[in-house]
Amino acid sequence: MFGWLAAHSSTLGRRAPRNHVSRRVRRITPYALVDLLPGLGSVLYLHAASRRDALDVASTGVLISDPAFAPLLQAQWLVAISAVTSDGPREWCECVDRFGRTRARWHLLPDTDYLAWDALTASCVVDRDGFASMDIQPLRADNASVVSFRLREWVGLLVFEQDRGMSLSTLGQQVATRIAQTESTSLRA
């Protein structure tokens with residue numbers, strides 16, 4: 001058996017796809033996004049920094065506690081992606097701004113609430129009109145961190161912040177570290 005497999009493995013490998021990727025898209029407002037993210041629990045969050053982030057935050061009516069969350073307030077499109085990689089199946093979401101720049105990405109972890117993930121991505125569909133024709137710029141992540149989002153009211157204002165009471169399993173930490181390495185960024189504590 002091993003001899004046959006060794007002799008035919010090169011032809012088997014050529015027929016098997018390296019990555020199967022599925023993309024689904026939906027329009028989303030920044031407010032709707034920050035309203036849905038706290039239900040996810042722990043996710044691996046990657047973002048792109050920009051000096052213009054502070055200018056765009058005021059229009060959403062949401063205060064952020066961490067500048068790393070500012071890219072979420074520029075979301076116009078939510079892209080749900082599923083892929084089969086050499087490490088196994090992976091799922092993540094990206095937010096894309098009105099200029100077609102990918103601003104942030106969060107990955108599903110073993111500790112993520114799968115029902116909330118499905119609720120977030122359920123309305124994403126294959127878009128054949130606006131999004132497909134855009135020239136989407138890939139995310140150039142500055143760093144990665146495991147976060148659990150929280151939205152709370154403070155003196156009549158909505159504050160979007162990290163939930164400090166988050167816990168992460170050993171498996172979740174290993175998966176987050178591996179994804180961060182794959183993304184060519186370091187995992188921030």
Side-chain angles (χ1 to χ4, degrees), residues 19-30 32-50 52-53 56-57 60 64 66-114 116-124 126-127 131-132 134-150 160-163 166 168 172-189:
N19 283 346
H20 175 70
V21 178
S22 167
R23 286 184 204 279
R24 295 173 297 132
V25 184
R26 88 172 214 195
R27 285 219 71 25
I28 195 164
T29 64
L33 182 61
V34 298
D35 190 44
L36 291 168
L37 286 175
L40 296 177
S42 301
V43 295
L44 178 65
Y45 176 69
L46 297 98
H47 67 91
S50 171
R52 296 182 52 209
D53 289 342
D56 295 335
V57 170
T60 62
I64 55 168
D66 188 335
F69 299 154
L72 296 170
L73 299 180
Q74 297 174 352
Q76 295 291 316
W77 298 92
L78 175 65
V79 184
I81 303 168
S82 302
V84 178
T85 68
S86 58
D87 288 331
R90 294 269 189 255
E91 288 187 53
W92 64 93
C93 289
E94 296 178 341
C95 69
V96 177
D97 69 9
R98 64 182 175 188
F99 302 110
R101 297 176 299 192
T102 304
R103 305 294 294 141
R105 177 182 301 139
W106 54 96
H107 287 264
L108 179 73
L109 296 175
D111 302 284
T112 304
D113 183 329
Y114 284 68
W117 185 274
D118 287 343
L120 177 67
T121 61
S123 61
C124 296
V126 176
D127 178 63
F131 189 79
M134 291 178 67
D135 182 27
I136 304 302
Q137 299 170 19
L139 176 69
R140 296 194 197 289
D142 295 326
N143 59 38
S145 56
V146 176
V147 300
S148 182
F149 300 107
R150 182 170 84 161
F160 188 68
E161 61 190 1
Q162 181 173 346
D163 184 359
M166 168 194 74
L168 191 64
Q173 184 65 41
Q174 291 171 351
V175 170
T177 301
R178 181 67 183 134
I179 294 171
Q181 289 171 346
T182 303
E183 294 279 351
S184 299
T185 188
S186 59
L187 185 59
R188 194 171 59 158

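When a residue number appears, it is its place in the shown sequence, counting from 1.
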Does any N or O in the side chain of [X] come within less than 3.5 Å of the main-chain N or O of [Y], such that one atom is a donor and the other an acceptor?
X: Thr102; Y: Gln137; answer: yes
X: Arg24; Y: Thr121; answer: yes
X: Tyr45; Y: Phe149; answer: no
X: Ser42; Y: Thr112; answer: no

Closest non-hydrogen atom pair, [X] against [Y]:
X: Val34; Y: Pro38; answer: O-CD, 3.0 Å
X: Leu46; Y: Ala144; answer: CG-CB, 3.9 Å
X: Val21; Y: Ala83; answer: CG2-CB, 4.0 Å
X: Pro71; Y: Ala68; answer: CD-O, 3.2 Å
X: Cys95; Y: Ala75; answer: CB-CB, 3.7 Å

Between [atom1] on residue [X] and [atom2] on residue [Y], distance to nearest 0.5 Å:
X: Trp77; Y: Arg26; atom1: CH2; atom2: CZ; result: 11.5 Å
X: Ile179; Y: Thr185; atom1: CD1; atom2: OG1; result: 12.5 Å
X: Leu33; Y: Leu73; atom1: CG; atom2: CG; result: 8.5 Å
X: Thr29; Y: Asp35; atom1: OG1; atom2: CG; result: 9.0 Å
X: Leu168; Y: Asp111; atom1: CG; atom2: CG; result: 4.5 Å
X: Leu37; Y: Ser148; atom1: CG; atom2: OG; result: 10.0 Å

Tell me, please, which residues at least two apart from Asn143 pass side chain to side chain donor-acceptor pair (under 3.5 Å). His47
Residues in side chain to side chain donor-acceptor pair (under 3.5 Å) contact with Ser22, at least two apart in sequence or another chain: none
May I ask you to test the [X]-[Y] pair for a side-chain heavy-atom distance under 4.5 Å?
X: Cys93; Y: Leu78; answer: yes
X: Tyr114; Y: Leu108; answer: yes
X: Leu44; Y: Val146; answer: yes
X: Phe69; Y: Gln162; answer: yes
X: Leu72; Y: Phe160; answer: yes
X: Gln76; Y: Arg27; answer: yes

Scan Arg90, His107, Arg23 and name whichever one has a side chain to side chain contact (heavy atoms under 4.5 Å, CB included) with Ile81. Arg23
Tell me the salt bridge (charged side-chain N to carboxylate O under 4.0 Å, His left out) pairs involving residues 177-187, sequence neighbours left out? Asp87-Arg178, Arg105-Glu183
